[in-house]
Amino acid sequence: MSNNIDKTYDPAKVEDRIYAEWMEKKYFHAEADCSKKPFTIVIPPPNVTGQLHMGHALDETLQDILIRYKRMQGYSALWVPGYDHAGIATQIKVEEVLRKEEGLTRYDLGREKFLERVWDWKNKYGGRIVEQLKKLGSSCDWDRARFTMDDGCSKAVKEVFVNLYNKGLIYQGSRIINWCPHCITALSDAEVEHAEQAGHFWHIKYPIKDSDNYVIIATTRPETLLGDTAVAVNPEDARYTDLIGKMLVLPLVGREIPVVADEYVDKEFGTGCVKITPAHDPNDFEVGKRHNLESIRVMNDDATINAHGGKYEGMDRYEARKAIVADLEEQGLLVRVEEHSHNVGQCYRCGTTVEPIISKQWFVKMEPLAKPAIEAVKNGETEFVPERFSKTYMNWMENVFDWCISRQLWWGHRIPAYYCDECGEMVVSKTEVEVCPKCGAHMRQDDDVLDTWFSSALWPFSTLGWPEKTEELDYFYPTSVLVTGYDIIFFWVARMIFSGLEHTGKSPFKHVLMHGLVRDSQGRKMSKSLGNGIDPIEIIDKYGADALRFTLATGNAPGNDMRFYNERVEASRNFANKIWNASRFTLMNLDITENKLPAVSELRTEDKWIISKYNRLVKEVTDNLDKFELGVAVAKLYDFIWDDFCDWYIELVKPRLFDKEDASGKTAQYVLTYVLSNTMKLLHPFMPFITEEIWQHLPHEGESIMISDWPAYDAALDFAADEADMQSVMDAISAIRNRRAEMNVPPSKKAKIIIVTDKKEVFANGAAFFERLASASETVVQADKSGIDANAVDIVTADAQIFLPLDELVDKEKELARLREEKKRLEAEIKRVEGKLSNEGFVSKAPAKVVEEERQKGESYKAMLEKIEESIRSME
RNA sequence: GGGAGUUUAGCUCAGCUGGGAGAGCGUCUGCCUUACAAGCAGGAUGUCACAGGUUCGAGCCCUGUAACUCCCACCA
């Protein structure tokens, strides 16, 4: 310990030094230690491409709070760490750089060269986000962080793929999938965002074969006309019954297409006739299957028109749309154009409008996987916090579609399927297959890679060494908690749960703690395109990591969104500053070198008061943390430290500390130290740096607060009677301050105080406090009202009547008015209480405790009223 | 269309299983009181969205209404 602590609180100075110390001592290291219980947290792998954003900071903060708490409770707390994932974002980022700096595309480089670039990029920037997380105080052992593209994880991915394939849960199939022409890849449904877009509704004539007649169809995507293979009407639609089975002539193309009847068509919408393009629309695809229609794909992967488009070949889809509409108009086939706003799917990464395209892709069959995943949440194997998110989860799981897992990217886990071009054989294998088992020809691996979330879904066990039976896997799995935002329930959480169940037989975590999104001060989602993102690092530089963490943990309930205001961080920083100064005060007055609690017999009422309050705080904070009520816990700590400890206890104890002759000064020092250092422990998970700094300066045992023991509730430290006594004195002090402020009496003007009370001893013990805290020049405590000036200011509290002889300042009329006002208020209260107590229903049905409380209140009010009435009489 | 959420002080939000409405910020008044002006002391401000219901008692439970938000599915 050392009494030298900087005069001013400078977070940057403290935080950098302390983190370095922690790193040096390797406190973050966790290993399977069978003498302890495991506590494992799964973290979302931060993305290698991105800057740390507020969402990460929130994830990180909440996780770190839990980890630090559990570590202090003696758990072997492991953070399943990792960074980067085999995500499309990484590839796009590198492609972007490539295009900007060298004017090249990935195709110019070729697969191998391109992947080298990505690895370079990863090696150069992969650690960047980790460095940023460290500034936040992350107690993760980043040295053991895994990377999803590492060998171990790749092995797990292959294992899973092959297992699922062999069980028939992975299949290849033609499907309409969402295609991003910009990323040139398939997207899963979850990766498509829908946005309202203004568009047009083109009404087009389709001539009936061998007739001058025609039908009118309406479409929002006229370019898909090129791939039409039918027109559908509702079988119930009287307007079109005779048309069913007839042939139409497809405009511009000349192909003959049938009119089919299908329930899918809504009679009321549009014209009641729908063009059917099985290759470019999911619903049409289904219709096509029912009527055995041909699927004609008219677009290339980059959404340009292909050879089936005739004269439109090579045009971009939007160019083609224009050209087709113009040609239709020229031929008089365009009836009219309506304004029409409709929902358009967009790629969630790049925002490009997705194109539904028929394509051969790999799918995971979801139904058999979803069943146990639903069961695991139903039977409580995994619990969502707050609980309502389980409904969101169920809703999705119960209506889940097969999951398209192939991505036409190069960066990622390559699909372990091998094809023989000679005989058409396909082999799925964990190990590379070069020779066709059938014909002996060379085999080539599938070009596609797996969806990011396919490997991310394995995170909880692949990072622990699965499929090997490692000691770590055995000890740490299933994990304890997953902390994440509700926005990735479907992408990630759900998929981790069914993957864990399928491959390990256990749901990967016990609790899923959901938090909300961090929004800007106007409530908007933070995003790059809006430019409203707040950089956590800037905030840390300005206010400190402790202040940021405190802000993120505070003032919002789990799962609710949070608006981010600098003012809130400022308030947190002020709190840190308050702690700093209270500690500085404590240290300045310390000449003890050990941290222990004095014998109860030496403790004064105020000592017992703060100890008792502290003791209850331990219990409550522990309870709250166990229930993941982090915000509640931190609010209690804030109130205790600021109000009880700083504003009251320190002030109460000052005279004892300053008077070197007073032997009880030493007791006060012990109490200050004890309460402060233990409170620092309780606060440590939230504000790790400042608490470490202060704890180190105070008398302590052990090397670091982060490996110290979590405080325990001690029934022997519960001093209810002393708490109540102290409260009586504090109430009196507050009442006096209040009166003086109302009367504009400056603090410099001291006055004699006469306290008339039944609790003479209590107030006599506290007499000294009135001089310091209530501007008393002298304090007299007596049982009756003898010798009191009739003009004295009169203050009534529950346990005392206090008189201040300030006659020259007293405006008699005003004083009387105030007393009458007070009388009215008390009478109203008494009436309310009596109303309750005379209500038989209340007395007989309410819990005895509540009734007794009301009764006591009533008596206390009555006593006060009596005193007031007396005062009024004597003044009059 | 299906699901979830929100509505409490000027602003941002707490309010745990029903038992006299809270915090931070802002605001007003008075204080540089030897830890802290990033502070101290004191004050003001609420038909807890609305309407019913259950209950001795409702911000909290039930039903309905309104406004807003998010997620999922979507009509060509």
Side-chain angles (χ1 to χ4, degrees), chain A residues 5 7-9 189-190 194 201 217-221 224 232 264-266 268-277 281-284 287 340 342-343 345 388-389 391-392 394-396 399 401 486-487 489-490 516-517 521 523 525 543 551 554-557 559-565 567-568 570-589 623-624 627 629 631-632 635 638-639 646-647 650-651 654 658 734 737-742 744-748 772-775 829 832-833 836 839-847 849-851 853-854 857:
Chain A
I5 187 165
K7 189 153 188 254
T8 50
Y9 167 56
D189 290 335
H194 292 269
F201 214 16
I217 60 92
T219 179
T220 55
R221 293 190 299 155
T224 61
Y264 152 70
V265 181
D266 179 354
E268 311 300 324
F269 190 86
T271 60
C273 295
V274 185
K275 61 196 261 330
I276 300 297
T277 324
D281 183 282
N283 290 309
D284 293 6
V287 175
H340 182 73
H342 57 147
N343 268 324
R388 67 179 136 93
F389 285 105
K391 291 184 205 161
T392 310
M394 290 293 182
N395 202 270
W396 188 74
N399 303 296
F401 292 94
Y486 61 73
D487 50 334
I489 286 186
F490 310 127
L517 306 177
S521 58
K525 212 166 163 173
Y543 301 104
T551 307
T554 265
N556 96 313
N560 288 358
D561 288 353
M562 171 195 304
R563 296 196 191 195
F564 196 90
Y565 284 85
E567 289 87 335
R568 288 189 55 215
E570 218 168 287
S572 305
R573 190 272 320 266
N574 293 353
F575 177 54
N577 188 54
K578 188 75 183 173
I579 294 169
W580 188 266
N581 280 299
S583 308
R584 209 156 62 82
F585 174 83
T586 303
L587 287 165
M588 277 165 65
N589 293 287
D623 277 358
N624 290 136
K627 288 192 270 179
E629 295 164 350
V632 179
Y638 182 95
D639 289 345
C646 292
D647 290 346
I650 285 184
E651 294 304 327
K654 272 179 179 173
F658 295 164
S734 292
R737 284 169 172 172
N738 186 333
R739 277 304 290 136
R740 290 179 56 107
E742 266 177 37
N744 289 321
V745 186
S748 53
R772 181 160 195 101
L773 304 177
S775 300
E829 287 296 334
R832 190 188 62 76
V833 172
K836 260 191 161 179
N839 180 336
E840 208 187 308
F842 176 74
V843 179
S844 60
K845 289 183 184 170
K849 194 181 153 220
V850 176
V851 177
E853 270 170 20
E854 285 297 319
K857 272 184 221 161

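Residue numbers begin at 1 in each chain, while the letters A, B, ... track the order of the sequences.
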Once you apply the 3.5 Å cut-off to both distances, tell me the Watson-Crick or G-U wobble partner of [N], or none.
N: B:A35; result: none
N: B:C61; result: B:G53
N: B:A44; result: none
N: B:C70; result: B:G3
N: B:G22; result: B:C13

Once the angle between the rings of A:Tyr9 and A:Trp580 is folded into 0 to 90°, is it parallel (under 30°), tilted (30 to 60°) or perpendicular (over 60°)?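 Plane angle between 30° and 60°, so tilted.
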Sugar-phosphate only, base, or nothing, as touched by [X] at under 4.0 Å among non-hydrogen atoms:
X: A:Tyr264; value: base
X: A:Lys654; value: base
X: A:Lys857; value: base
X: A:Asp561; value: nothing
X: A:Arg772; value: nothing
X: A:Ala571; value: sugar-phosphate
X: A:Ile217; value: nothing
X: A:Asp487; value: nothing
X: A:Thr220; value: sugar-phosphate
X: A:Phe575; value: nothing
X: A:Asp266; value: base

Send over the distance from [X] [atom1] to [N] [atom2], rounded to a whole Å.
X: A:Phe842; N: B:G57; atom1: CZ; atom2: P; answer: 11 Å
X: A:Tyr9; N: B:A38; atom1: OH; atom2: P; answer: 15 Å
X: A:Asn574; N: B:G26; atom1: CG; atom2: C1'; answer: 14 Å
X: A:Tyr638; N: B:A23; atom1: OH; atom2: C1'; answer: 8 Å
X: A:Phe585; N: B:C40; atom1: CZ; atom2: P; answer: 14 Å
X: A:Glu854; N: B:G19; atom1: CD; atom2: C1'; answer: 8 Å
X: A:Arg740; N: B:G43; atom1: CZ; atom2: P; answer: 15 Å
X: A:Asn738; N: B:A41; atom1: CG; atom2: C1'; answer: 10 Å

Most 5' of A:Pro746 and A:Asn577 on RNA chain B, judged by nearest nucleotide: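 In this pair, the answer is A:Pro746.
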In terms of the nearest nucleotide of RNA chain B, which residue is placed more toward the 5' end: A:Arg221 or A:Lys836?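 Counting from the 5' end, the first nearest nucleotide belongs to A:Lys836.
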Rounding to an integer number of angstrom, what distance separates [N] and [M] when you compare their [atom1] atoms?
N: B:G24; M: B:A9; atom1: C1'; result: 12 Å
N: B:U47; M: B:G1; atom1: C1'; result: 37 Å
N: B:U55; M: B:C48; atom1: P; result: 23 Å
N: B:U12; M: B:U7; atom1: C1'; result: 14 Å
N: B:G46; M: B:C11; atom1: C1'; result: 14 Å
N: B:C13; M: B:G59; atom1: P; result: 23 Å
N: B:C62; M: B:G26; atom1: P; result: 38 Å

Looking only at the side chain of [X] (C-beta and beyond, no hydrogens), which of the listed nucleotides [options] gets closest?
X: A:Arg737; options: B:A73, B:A41, B:A76; result: B:A41
X: A:Asn744; options: B:U29, B:G42, B:C25; result: B:U29
X: A:Arg563; options: B:G42, B:C13, B:C71; result: B:C13
X: A:Lys391; options: B:A35, B:A4, B:C72; result: B:A4
X: A:Tyr486; options: B:C71, B:C70, B:C36; result: B:C70
X: A:Ala557; options: B:G15, B:U29, B:G5; result: B:G15
X: A:Arg388; options: B:G5, B:G43, B:A76; result: B:G5
X: A:Val265; options: B:A35, B:A76, B:C11; result: B:A76
X: A:Lys275; options: B:C16, B:A76, B:G3; result: B:A76

A:Lys654 to A:Phe585 six-membered ring, cation-pi geometry met (6.0 Å, 45°):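 Pair A:Lys654/A:Phe585 counts as cation-pi.
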Side-chain N or O of [X] closer than 4.0 Å to phosphate OP1/OP2 of [N]:
X: A:Asn283; N: B:C75; answer: yes
X: A:Asn560; N: B:U69; answer: no
X: A:Lys578; N: B:C40; answer: yes

If you round to the nearest 0.5 Å, how far is [atom2] of [Y] from [atom1] of [X]?
X: A:Lys7; Y: A:Met588; atom1: NZ; atom2: CE; result: 9.0 Å
X: A:Lys525; Y: A:Asp487; atom1: NZ; atom2: CG; result: 6.0 Å
X: A:Thr392; Y: A:Met394; atom1: OG1; atom2: CE; result: 10.5 Å

Does A:Glu651 contact B:A35 through a side-chain donor or acceptor facing the base, at a distance under 3.5 Å?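 Answer yes: a donor N or O sits under 3.5 Å from an acceptor.
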If you look at every heavy atom in A:Tyr565 and A:Ser521, which pair is closest and at what distance?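 Nearest heavy atoms, A:Tyr565 then A:Ser521: OH-O, 3.2 Å.
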Would you check if the side chain of A:Asn581 reaches a backbone N or O of A:Asn577 as a donor-acceptor pair within less than 3.5 Å?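 A pair under 3.5 Å: yes.
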Do the side chain of A:Arg568 and the main chain of A:Thr551 share a donor and acceptor less than 3.5 angstrom apart?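 Yes; at least one donor-acceptor contact below 3.5 Å.
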For the residue pair A:Arg221 and A:Thr277, establish whether any side-chain heavy-atom pair is separated by less than 4.5 Å.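 Result no, sub-4.5 Å side-chain heavy-atom pair not found.
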